[in-house]
Amino acid sequence: MDLIHKFLNLVAPWFTFFSLCLFLPPFSLFKFFLATLSSLFSENVSGKVVIITGASSGIGEHLAYEYGRRGARLALTAREKSLQEVADTAYDLGSPDVITIRADVSNVDDCKRLVEETVNHFGRLDHLVNNAGITSVCMFEDAPLDMTNFRAVMDTNFWGSVYTTRFAVPHLRNSKGKIVVMSSAKSWLPEPRTSVYNASKAALAAFFDTLRIELGRDVKITIVTPGHIESEITRDRHLSKEGKMEVEQDMRDVQVSAIPVASASECAQAIVNSACRGDRSLTQPSWYSATYLWKLFFPEVIEWGYRLFSLTSPGVPRQEAPSKKILDLTAGAKKLLYPSTIQSPEIKTD
Ligand SMILES: NC(=O)c1ccc[n+]([C@@H]2O[C@H](COP(=O)([O-])OP(=O)(O)OC[C@H]3O[C@@H](n4cnc5c(N)ncnc54)[C@H](OP(=O)(O)O)[C@@H]3O)[C@@H](O)[C@H]2O)c1
Ligand SMILES: *[C@@H]1O[C@H](CO)[C@@H](O)[C@H](O)[C@H]1NC(C)=O
Ligand SMILES: CC(=O)N[C@H]1CO[C@H](CO)[C@@H](O)[C@@H]1O
């Protein structure tokens with residue numbers, strides 16, 4: 001029995017290496033050809049029914065505008081923040097019918113009600129956008145010993161998407177619909193202080209990769225891995241150790257540092273384009289995909305960089321982290337790196 005593993009240990013790396021050399025170029029060409037085809041036959045979402053969770057701010061809000069502009073009918077949800085303004089704007093932009101549903105996706109009954117109310121109102125469901133998410137920023141050893149407060153991250157980001165998808169799948173099968181999932185580039189980047197968030201996003205990617213195989217051709221799944229997109233999250237609204245949502249500008253500067261932040265409206269546009277083409281995945285902004293290769297081939301370099309730039313020695317406040325200093329030194333850079341104002345969508349008047 002051992003012999004077979006010894007044999008495989010020897011053969012598998014070489015087999016992989018030669019397959020890469022031999023098949024990667026023609027396979028990439030083939031995929032490029034398919035991608036061109038699917039962008040020619042991209043879905044027209046006019047009149048289609050779309051659920052967007054977490055639509056009251058950030059990427060979700062801009063997704064509502066982008067789908068609205070294309071004439072989709074919308075069901076928007078969030079827990080606390082007001083959805084009415086977003087709904088009105090989406091309507092003005094071109095959506096023929098927008099409903100808002102107050103729901104907490106970490107609660108399974110809310111997810112059921114959300115899908116039922118949508119289908120009762122519109123009679124069908126075409127796209128489910130699992131966007132609602134919260135983040136947590138905390139060194140593991142700074143967290144209280146009883147870490148149960150952090151379950152909220154998994155409950156919202158992972159279970160929230162899974163529950164909603166469970167109720168939506170029968171309707172999506174009927175309509176040959178689509179699922180959009182918001183994972184994160186952090187699912188492969190081991191950024192310090194984001195271990196719980198990271199894990200929830202890696203879990204999402206793993207879950208929906210598997211579901212894609214089970215659902216087959218009927219329901220296409222697009223997994224989105226955004227880098228830094230301007231929103232409440234990059235303004236650093238996160239779950240504190242005490243289990244409350246709070247905003248800390250300093251922490252934001254340490255975590256985001258001088259990495260350029262992309263605009264939520266461009267991100268939303270790229271996401272809807274990608275979903276309409278039926279892409280498997282989308283990284284936005286796309287230069288972030290290069291970090292995946294770095295993680296794959298030079299994991300030590302990535303770890304070393306994070307350790308050097310975003311951590312401080314014990315006892316030194318985190319505001320002293322080099323990543324924040326770089327940002328402060330390059331005052332003015334902030335203007336360049338962050339979309340300066342929150343963009344308000346252009347409303348066509350014709
Ligand atoms: N911004 C980035 O750089 C970035 C990067 C990678 C991934 N992402 C992911 O993209 C998604 C959107 O993020 P964002 O940056 O746009 O964040 P955001 O501005 O904080 O928006 C999050 C939205 O989700 C809602 N929400 C939170 N918890 C919820 C719950 N339990 N049930 C229902 N709605 C809930 C929030 O509204 P209420 O608080 O009113 O419920 C809000 O509408 C998230 O999944 C996030 O992890 C963002
Ligand atoms: C999408 O379909 C609607 C009617 O269902 C049509 O009016 C519109 O022109 C189409 N848009 C595109 C870009 O094909
Ligand atoms: C800090 C951390 O937990 N990083 C992990 C994020 O998720 C990926 C798995 O996709 C791990 O490789 C990282 O180590």
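Below, all heavy atoms of this structure are taken into account, side chains as well, without hydrogens, waters or symmetry copies. In listed order, ligands and their atoms are each counted from 1.
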Would S184 count as being in polar contact with ligand 1, using the rule that some N or O on each side must be under 3.5 angstrom apart?
no
Got a sec, which pairs hit salt bridge (charged side-chain N to carboxylate O under 4.0 Å, His left out) with one end in residues 140-167, sequence neighbours left out?
none
Any heavy atom of E61 closer to ligand 1 than 4.0 angstrom?
no
Please determine if P226 has a nitrogen or oxygen closer than 3.5 Å to a nitrogen or oxygen of ligand 1.
no
Please classify the N131 to ligand 1 contact at 4.0 Å (heavy-atom distances, strictly less than): side chain, backbone, both or neither.
both
Is there any N or O on A185 that sits under 3.5 Å from an N or O of ligand 1?
no
Applying a 4.0 Å heavy-atom criterion (strictly less than), which segment of A264 is in contact with ligand 1: side chain, backbone, both, or neither?
neither
For ligand 1, which is the ligand I care about here, please tell me if S57 has any N or O atom under 3.5 Å from one of the ligand's N or O atoms.
yes
Contact residues of ligand 2 (heavy atom under 4.0 Å), by chain and number
N44, S46
Checking the N or O distance criterion of under 3.5 Å, is ligand 1 in contact with V105?
yes
Looking only at side chains, do Q284 and Y288 share a donor and an acceptor under 3.5 Å apart?
no
Check contact between G227 and ligand 1, using heavy atoms of the residue and a distance below 4.0 angstrom.
yes
Is T77 close enough to touch ligand 1? Criterion: a residue heavy atom under 4.0 Å from a ligand atom.
no
Scan the side chains in residues 21-36 for donor-acceptor partners under 3.5 Å anywhere in the protein, sequence neighbours excluded, and list what turns up.
from: S28; atom 1: OG; to: L24; atom 2: O; distance (Å): 2.7
from: T36; atom 1: OG1; to: F32; atom 2: O; distance (Å): 2.7

When hydrophobic residues are tied together by side-chain contacts of less than 4.5 Å, even through go-betweens, does L74 share a cluster with F122?
no
Under 3.5 Å, is there a donor-acceptor pair linking the side chains of T225 and T283?
yes
Between ligand 1 and R79, is the shortest N or O to N or O distance under 3.5 Å?
yes
Considering only distance and modelled atom types, tabulate donor-acceptor pairs under 3.5 Å from the side chains of residues 270-280, sequence neighbours left out.
from: N273; atom 1: OD1; to: R70; atom 2: NH1; distance (Å): 3.2
from: N273; atom 1: OD1; to: R70; atom 2: NH2; distance (Å): 2.9
from: N273; atom 1: ND2; to: Q269; atom 2: O; distance (Å): 3.4
from: S274; atom 1: OG; to: D279; atom 2: OD2; distance (Å): 2.9
from: R277; atom 1: NE; to: D279; atom 2: OD1; distance (Å): 3.4
from: R277; atom 1: NE; to: D279; atom 2: OD2; distance (Å): 3.2
from: R277; atom 1: NH2; to: D279; atom 2: OD2; distance (Å): 2.8

